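Atoms within each ligand, like the ligands themselves, are counted from 1 in listed order. Please read all numbers here as calculations on a predicted model, not as lab measurements.
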Amino acid sequence: MAEPSTEPDLFDTIVNLCVRRGFVFRSAEIYGGFRSAYDYGPLGVLLLRNVKEQWWRSMVQMRHDVVGMDASILSPPAVWEASGHLDNFTDPMVDCRSCGTRHRSDKLEDPEACPDCGERGQLTEPRQFNLMFSTHAGPVADSAAQVYLRPETAQGMFINFANVLRASRKRPPFGIAQIGKSFRNEITPGNFVFRTREFEQMEMEYFVPPDTADEWYEHWCQARHQWYLDLGINPESVRLQAHGADELSHYSSATSDVEFLFPWGWDELEGIANRGDYDLRCHAEHSGERLEYFDPATGEHYVPHVIEPAAGATRAAMAFLMSAYDTEVVNDAERVVLRLDRRLAPYQVAVLPLSRKDVLVPVAQRVFDLLKGRWSCDYDETQAIGRRYRRQDEIGTPLCVTVDFDTLEDDAVTVRDRDTMAQDRVGIDRLPGYLAERLP
Ligand code: ATP
């Protein structure tokens, strides 16, 4: 469970930065807010897109054995009956008789005490609460029209197994990957975007011959841990933790979590599970379809086993932000700098005319036009240049390009590096090449 945090204030600092700079806003804020959902602002949407893009790149684009898909969010009860979610996708819930609040009993620090009012002995017996949201499709709101919002993207891959196999001509080992929104009626959402009722997942189902499942499970545990390290998460803040036998779900022979050291302690970013043939067998039984692979080499049909790396995009974005946050003292003043990997930074370049003078602005706009097709660029002509540098440091922009009065003479600009603050004078004609050596 949670270990003491090394930086108790980091959480508030990050939330503050996110709201102030436009990464994340409270949903429906002008109506008092909606606790279980968040809106991603101009910078948050860029960061989140970059996180998803890097996942897609490593899981789909760079592999010949994985294809993508995008399944529907709404689905009929039959899917969730077969998957077991209608019966089993529950959390144990307790009510406090004293203050009326609800809590997940398996997450209580003290099983006797209400975390809100502190009263002891006032919690009810746990009841199982199903986390799926349901609604009705079509104009008649009766039980025949009931549909569910998916609580995970995975089932879309299982129910399309035969379609993808046929259409893509892949054979095991092969994977189907998907990024998309999922919905869970969490009893206690919280810790900012860590646990929300609407969130984005990045999941891959990797179908393998049964006798290779253990090997592939190990492969994906290592590969997924490495993905976070490659994108710059501090190695002391991310670890792979195997579940004990008592923590495994009934269908899984092995599960490991990639965990991050959040300000409240170690917590899950991603789960990697060896799911055996559970999912394909359940859907085959319920649907009557054969969900198997015919191996022409042996002349046998078999049900592939599945290794599933299941990550949260929104949780990952939060971990990348927390890991990147840094402060240092420069010329007696504190500098806040988000040392985000260059592939994740919302903007890779900021173009800054030294002043708003008429002579500089057209040149700065020409520089912006020169770069915008290749990199995500910010353009900012407000405030003193020092304050604009500090803003770009705080949102993690790796390089700032400044157009000054000398530019009018030498057709060159100053490029400032976020991490070292070193400045280079670069001719505008050489600028795209110079940036290409330093940016993805
Ligand atoms: P938890 O134990 O934290 O509720 P889980 O083990 O139920 O999570 P999975 O079903 O394995 O989570 O989902 C895979 C990933 O989806 C999680 O590792 C997490 O990154 C993300 N995720 C799950 N639930 C939420 C949520 N309510 N808000 C944000 N992300 C979530």
Distance from F23 atom CZ to I395 atom CD1, nearest 0.5 Å? 6.5 Å
When you look for protein heavy atoms under 4.0 Å from ligand 1, which residues do they belong to? R104, R184, E186, F194, R195, T196, F199, Q201, E268, L269, E270, A310, A311, G312, R315
I'd like to know if the side chain of Q122 pairs up with that of S98 as donor and acceptor (distance under 3.5 Å, no hydrogens or angles considered). no
Taking the side chain as every heavy atom from C-beta outward, state whether K372 and D369 have any pair of such atoms under 4.5 Å apart. yes
Applying ring pair (Phe, Tyr, Trp, His ring centres under 6.0 Å) to F25 and not counting sequence neighbours gives none
Compare every heavy atom of M202 with every heavy atom of W227, then report the nearest pair and how far apart it is. CH2-CE, 4.3 Å
Within 45° of the axis and under 6.0 Å from the centre of the six-membered ring of F199, does NZ or CZ of R315 qualify? no
